[in-house]
Amino acid sequence: MSGRMDSDRARTHGPEMATSFGFRTVGNGEKQPLVNDVFHQVASRYDLMNDLMSGGLHRLWKDAMISSLAPPRSNARAFRVLDVAGGTGDVATRIVTRGGAQTNAVVCDINGSMLQVGQTRADKAGLSDRLRFVEGNAEDLPFPDRSFDAYTIAFGIRNVPRIDKALAEARRVLKRGGRFLCLEFSQVDVAGLDRIYDAFSFNAIPAMGRLVTGDGEPYRYLVESIRKFPNQERFADMIREAGFSRVDHRNYSGGIACLHSGWAI
């Protein structure tokens, strides 16, 4: 049986993600604390973690995501973005530096350690006036209805226990005509690449994580969480069910990552 078929069978439907911690099944309410522990451990090495998992390609994928968002360079009006699960601020920094002076971003993350890294980086880069860091849960955002022009989340939604609630919250906080963009690891759709990717993911990534940080288990969870996440079409259906229109997706690097988009109309 091919690695692609094994991977497809391992993937869950959205509701099952609430009790899926990698390949382990945990009780209701147990996933979020376990995920928090993972990111407390890797917060200071988050970019390195993504470099290990993507071979450095995550930087190009994020740049492509910002190009798709196309934050306005004009200063005619304010453009306000909510970046969820983006504690270190790498996506939000790209957004505000690509957009004009009226482009601002709020970074919302449930993990305080990640937010500390992001705030420190923003201060050093002189971007504190355009980036704000808020601790909050993607399933229950601490923001009013229709308060953002765009919502972004990169490599974070698979770690949310109840993805349907996170998508509903994204729809709630977007203004009419607002844009939803989600970049996430997904299902490889190139024959042969799937087996190479599986071998690299399950063997090399935990080993490199152990070498760099002394503990490979957080990286093993992150690899497993990718395989459990709904594939491109299943996730697109979830976005539509949350009330978004003109839902679309674009694969990067043969489906290793995928950019999903939708509009709040």
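For E184 against F229, the heavy-atom pair with the smallest separation is CG-CE2, 3.8 Å. For the residue pair G86 and D109, the shortest heavy atom distance occurs at N-OD2, 3.5 Å. Pairing each heavy atom of A264 with each of F244, the nearest pair is N-CD2, 4.1 Å. Residues I157 and I153 approach most closely at N-CD1, 3.6 Å, considering heavy atoms. Annotation for A168 and A242: closest pair N-CB, 4.2 Å, computed over non-hydrogen atoms. Residue S253 comes nearest to W61 through the heavy atom pair OG-NE1, 3.1 Å, listed as atom of the first residue, atom of the second, then distance.
Between F148 and F143, the angle of the ring planes goes over 60°, which puts this pair in the perpendicular group of the 30/60° scheme.
When atom types are taken as modelled, the side chain of D194 and the backbone of V188 share no donor-acceptor pair closer than 3.5 angstrom.
At least one side-chain heavy atom of E233 sits under 4.5 Å from a side-chain heavy atom of H249. Within the 4.5 Å cutoff, side-chain heavy atoms of S67 are placed close to those of R98. Here the side chains of L259 and S68 are in contact, with some heavy-atom distance below 4.5 Å. Using a 4.5 Å heavy-atom threshold, the side chains of E139 and P161 count as touching. Here the side chains of Q187 and Q232 are in contact, with some heavy-atom distance below 4.5 Å. Contact of the Q119 side chain with the D123 side chain is registered, since non-hydrogen atoms from C-beta on lie closer than 4.5 Å. Residues C182 and F235 have side chains in contact (heavy-atom distance under 4.5 Å, counting atoms from C-beta outward). Counting heavy atoms from C-beta outward, T88 and R121 have side chains that approach closer than 4.5 Å.
Each of V96 and V91 belongs to its own hydrophobic cluster when Ile, Leu, Val, Met, Phe, Trp and Tyr are linked at side-chain heavy-atom distances under 4.5 angstrom. V107 and V81 are not part of a single hydrophobic cluster, where members link through side-chain heavy atoms under 4.5 Å apart. V84 and V134 fall within the same hydrophobic cluster, where Ile, Leu, Val, Met, Phe, Trp and Tyr residues are linked whenever their side-chain heavy atoms come under 4.5 Å apart, directly or through other members. Using a 4.5 Å cut-off between side-chain heavy atoms of Ile, Leu, Val, Met, Phe, Trp and Tyr, with links allowed through other members, Y252 and L60 fall into the same hydrophobic cluster. Hydrophobic clustering (side-chain heavy atoms under 4.5 Å, transitive across Ile, Leu, Val, Met, Phe, Trp, Tyr) keeps V106 apart from L115.
Of the candidates K175, R179, R80, D149 forms a salt bridge (charged side-chain N to carboxylate O under 4.0 Å, His left out) with just one, namely K175. Remark: of the listed residues L141, L167, L181, D83, L141 is the sole one forming a side-chain contact (heavy atoms from CB on, under 4.5 Å) with Y151. None of R59, K62, H58 except one satisfies the side-chain hydrogen bond (donor to acceptor under 3.5 Å, both in side chains) rule with D90; the exception is K62.
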Let me see the working for R130 and T97 under side chain to side chain donor-acceptor pair (under 3.5 Å), right down to the final yes or no. CA-CA 10 Å; R130 298 177 64 191; T97 54; over 6 Å; no
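A distance of 9.5 Å separates CG of L193 from CG of D198, quoted to the nearest 0.5 Å. Atoms CD and CG, from E169 and L174 in turn, are 11.0 Å apart once rounded to the nearest 0.5 Å. How far OG1 of T103 is from CD1 of I95: 9.0 Å, rounded to the nearest 0.5 Å. Remark: D63 CG to L57 CG distance equals 11.5 Å, nearest 0.5 Å. Here the CG atom belonging to L82 is positioned 13.0 Å from the CG atom belonging to N104, to the nearest 0.5 angstrom. Atom-to-atom distance recorded for M238:CE and D164:CG is 6.0 Å, nearest 0.5 angstrom.
With salt bridges taken as basic N to acidic carboxylate O contacts below 4.0 Å, one links R240 and D237. A salt bridge is absent between E224 and R227: the closest approach of a Lys/Arg side-chain nitrogen to an acidic carboxylate oxygen does not fall below 4.0 angstrom.
Side-chain atoms of S261 and R246 include no donor-acceptor pair closer than 3.5 Å.
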